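Proteins get letters first, then strands, A, B, ... in listed order; numbering begins at 1 in each. Note that this is a predicted model, so its numbers are computed, not measured. The figures that follow rest on heavy atoms only: side chains count, while hydrogens, waters and symmetry mates do not.
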Amino acid sequence: MKFASSYEPGEYESDIYGAWEASDIFAPSTPTVPVDNDSDGKDDRDNKNTYSIVMPPPNANGNLHIGHGLTIALEDSLTRYYRLKGKSTWYIPGADHAGFETWVVYERNLEKQGHTRFEYDRNELYARVWDFVAEQRGNMELQLRALGASCSWNDLTFTLDENVIDRVYTTFEKMWNDGMIYRGEKLVNFCPKHQTAFADIEVEHKDEKGTLWDIAYTYDGGEIIVSTTRPETLFGDAAVAVNPEDKRYKDLIGKTVHLPLTNKEIPIIADEHADPEYGTGAVKITPAHDFDDFEVGERHNLERIKVIAENGTMINVPEKYYGLTTAECRKQVLKDLKAADLFRGEKQLVHSVAHCYKCGTVLEPMLKEQWFVDVEKLASVAIKHLEKNEIKFHPANKQKVLINYLKNLKDWNISRQIPWGIAIPMFRRITDAATDEPDWIFDRRTHLKEIEVAGVKYVRDEDTFDTWFSSSHWPIVCTNWTEDNFNPYYPLNVMETGADILFAWVARMIMMGLYVTGEVPFKEVYLHGLVLDAHGQKMSKSKGNVINPMDLVAKYGSDAFRLGILRGRSAGMNQAFSEQSVISGRNLCNKLWNISRLVQSIVDETPEDALSRSVFGDGPNMERPSPVTTGARERSEKDASLASYETLNMGEDWICREINDCLKQVESSMKNYRFAEAVEVLYQTIWDKYADWFLESQKIFKNTGLLKQTLETILIALHPFAPFVTEAIWQNLSWTDGFIATAKWPNKLKFDPISAAEFESLISVVSEVRGTLQALPGTNNAKKYSLLYGNDSLVEDNLLLIRTLTKVPAINALDGHPRGLRLALANHELYLDVPEKVVTEYKDALTEKILSVGRELDALNARMANPNYVERAPEHLVKETKDQIKEKESLISRLKSQLELI
RNA sequence: GGAUCCAUAGCUCAGUUGGCUAGAGCGUACGAUUCACAUUCGUAAGGUCGCAGGUUCGAGCCCUGCUGGAUCCACCA
């Protein structure tokens, strides 16, 4: 048997992916390189039929985590949907060198082997990490395949590919020439462990308990007490600041105080930065080691005295403290202050402290010469385009959030002291050269340590770029955008990524896209939130609640994972996820499998229908009977709209209508990025409508043309979300052809709307029968009692169907007097043939039913009693209310007469 | 300090310009089962839509205030 009794994803998934890839169906149909067939010098391509999306590159040396799972589920659903819709889809995969992340892993390995980074020069380290990453990379790519990502593998972009580096250098050169790059000595957040600076955005602030110490700075005839959490930095103090409005210290402004433990005198200055309400109102100013103090120092032209070295030890301090770590120094300073009777007390406080987001080390504000990008122009251009709504955001509020961020953006430190990254293409003049040559020159030859230009020698800056500087070019480099040619794939149709990197990445892609190409890099942005555990908690290794997507794929299948993670998820929100939703997805796949199995078995009863060709290998599950030769069908069979069928009864019209509604809802959901809704409506349609009502009725009618057509339609509609099971079924069905992955999105089905609506009545009749049978005392009622009908054409015309669906033993026309229990249906005369005794026992339930219908009727009447409602509400609503009142009234009177009979 | 989001059934979530009796999945209870599927089928219970006001014929949805939770940015000597 081709269809086993349950769907086993493990038996199909890798074969299916292999077949897709071997047939190269994920490459876009519109060429990605310029085409000029008529040699008129113009590109013949257009962007009307293209759909482009790039993958946020996963870390090349890591494993995919749950967030990647969500990313792929979202992006691949879009890609597959638009592919079925006939677009030339280009889903471009990527791999990230993940500068700092990878470096941390590599350096840890080095340390384990008893080595340090300082044993090697930069080029050698780079080469070693390159090999390390190359070894790891295939793993991540296999996992993307397991998730079903239908990306164009030939176009995979690695963040250190030559074209990426070229593009980054071109941009940097342009910025340098435009005067947007400057070298500045500024305070940067510096990790003493990793020996590198970070951008503001990479810093993690955590609230910590600390101590605030009061220290006396003396002057002739008195002392001024300052409060500090960092006594060890006092050697770098350049002043003491007080608020100009602070009466206590007014007379001291301009005087000098003695800096404790030294022979230095420093001035007392007036600056707004000092808050009279905080501590003593006087604050020590250490321009080289505190961000605020740096600014105070700039205002007052104070000396920047660097007392902490990059390795975290003390420098430029009295002999006694030299070389101590900051912690040791703090201890010693406090001890010495007490001995000198300059210590004036301490108190506990909670303050936020900057930490390295990778190793947790407390970051040191460090005075360093670094490369900065002047972001003013970049940000203002981006704001202008954002305010013109050139990019649509999902969720919409992120547009405002982003604009707000850009308005407050500070200059961007792009230097990193990590070997693993793109070298900054700047060279410094060696000091003894002629003095009229520039200090720094741009040059692409970063593989050289030293270059000579016009007889002057220059040495390369050893720093590398912040990875966000290069990844801000991602849409540009992935689509091979160039200055010279029209590119039908740029801007991207959508940028899908995590809401947590809206600032770090999305903002920078927009700025860079506009700077380089003059256009926004994408038309829409979809941001997903965090995937939380089943209880809404953040996943973390320390909590032990991390869910590995690959485990779920192995256990339940790729489709189940995708369906599960998309359910109940909406843009931008951090939402819970549990194995249970994956199990639901698995169940749907199995349901669909069995639906197909049933349809195939009905089709098989008509042998001339059984014909197809296999597109695929000879796996044990992929075999099918030899083709039958009668009436060979053309490939157009897979175009669902061309298949022929006729609807022969109202259930058939009804399912056509329901499937059409479903398609419409899926289309509108996809347009609005409401993935969960698309999945939900498919789930309902396939399970509750197709299987539970339509297929049940087809056990009687067996309309093979329609069965084939409708099954194809729902398979294609579900394919974007569950690519494997739909393909596995497609390949197993006897009449389908080609890949479902490249099928055509179905057209609407034709049906008779009046007949379709009548089926709703039948459903309500059947439901009422089932409900009443369950409510009656006793078990197995469906087998005990038959139905009697009065003058009712719906029932009369559908005796067999109603009998099948309700499982009652018989349905007979009422001969003479009504008997048994009349069902609570306003428009049908139907009785359950039950003995008087049972009817009597049912009395309470009947009374309750009358009361509940009565309450509904009261509410409707109250509405009509309100003259304002009748006057002001839309006419159709008023009419509807009237109709409902009529229906309820008739139902109630029937139920009441029944009750009287008892 | 600035900003954003969230609060609907036991749990996780829908509910799109305000409009029919507020929905789904899971869970729970009861019942079924040779006939595609126990990864099944049927039935049911379960909600003052966080609280308090306001606008409206009509509010889960709009407005104001409050409470609770989350996140981001800035700052914390």
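For the pair A:F291 and A:S6, both in contact range of RNA chain B, the more 5′-proximal nearest nucleotide belongs to A:S6.
Across all strands, A:R567 comes closer than 4.0 Å only to sugar-phosphate atoms, never to a base (heavy-atom distances). Counting any heavy atom pair closer than 4.0 Å across all strands shown, A:K284 reaches no nucleic acid atom. Using a 4.0 Å heavy-atom criterion, one finds that A:Q580 contacts the sugar-phosphate atoms exclusively. At the heavy-atom level, A:Q575 lies under 4.0 Å from the strands shown only through sugar-phosphate atoms. Across all strands, A:E887 comes closer than 4.0 Å to no nucleic acid atom at all (heavy-atom distances). Nucleic acid contact for A:A576: sugar-phosphate only, since backbone atoms but no base atoms lie under 4.0 Å from a heavy atom of the residue. A:S578 comes within contact range of no nucleotide atom at all, as no heavy-atom separation falls under 4.0 Å. If you check every strand for non-hydrogen atoms under 4.0 Å, A:Y405 touches nothing.
Of all nucleotides listed (B:rA32, B:rC72, B:rC6), B:rC6 comes nearest to the side chain of A:M573.
A:W213 does not carry A:R330 over the face of its six-membered ring by the limits of under 6.0 Å from the centre and within 45° of the normal.
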Each base of RNA chain B marked ( ) or [ ] if paired in-strand (Watson-Crick or G-U under 3.5 Å), | if paired to another strand and . if unpaired gives (((((((..((((.....[...)))).((((((....).))))).....(((((..]....))))))))))))....
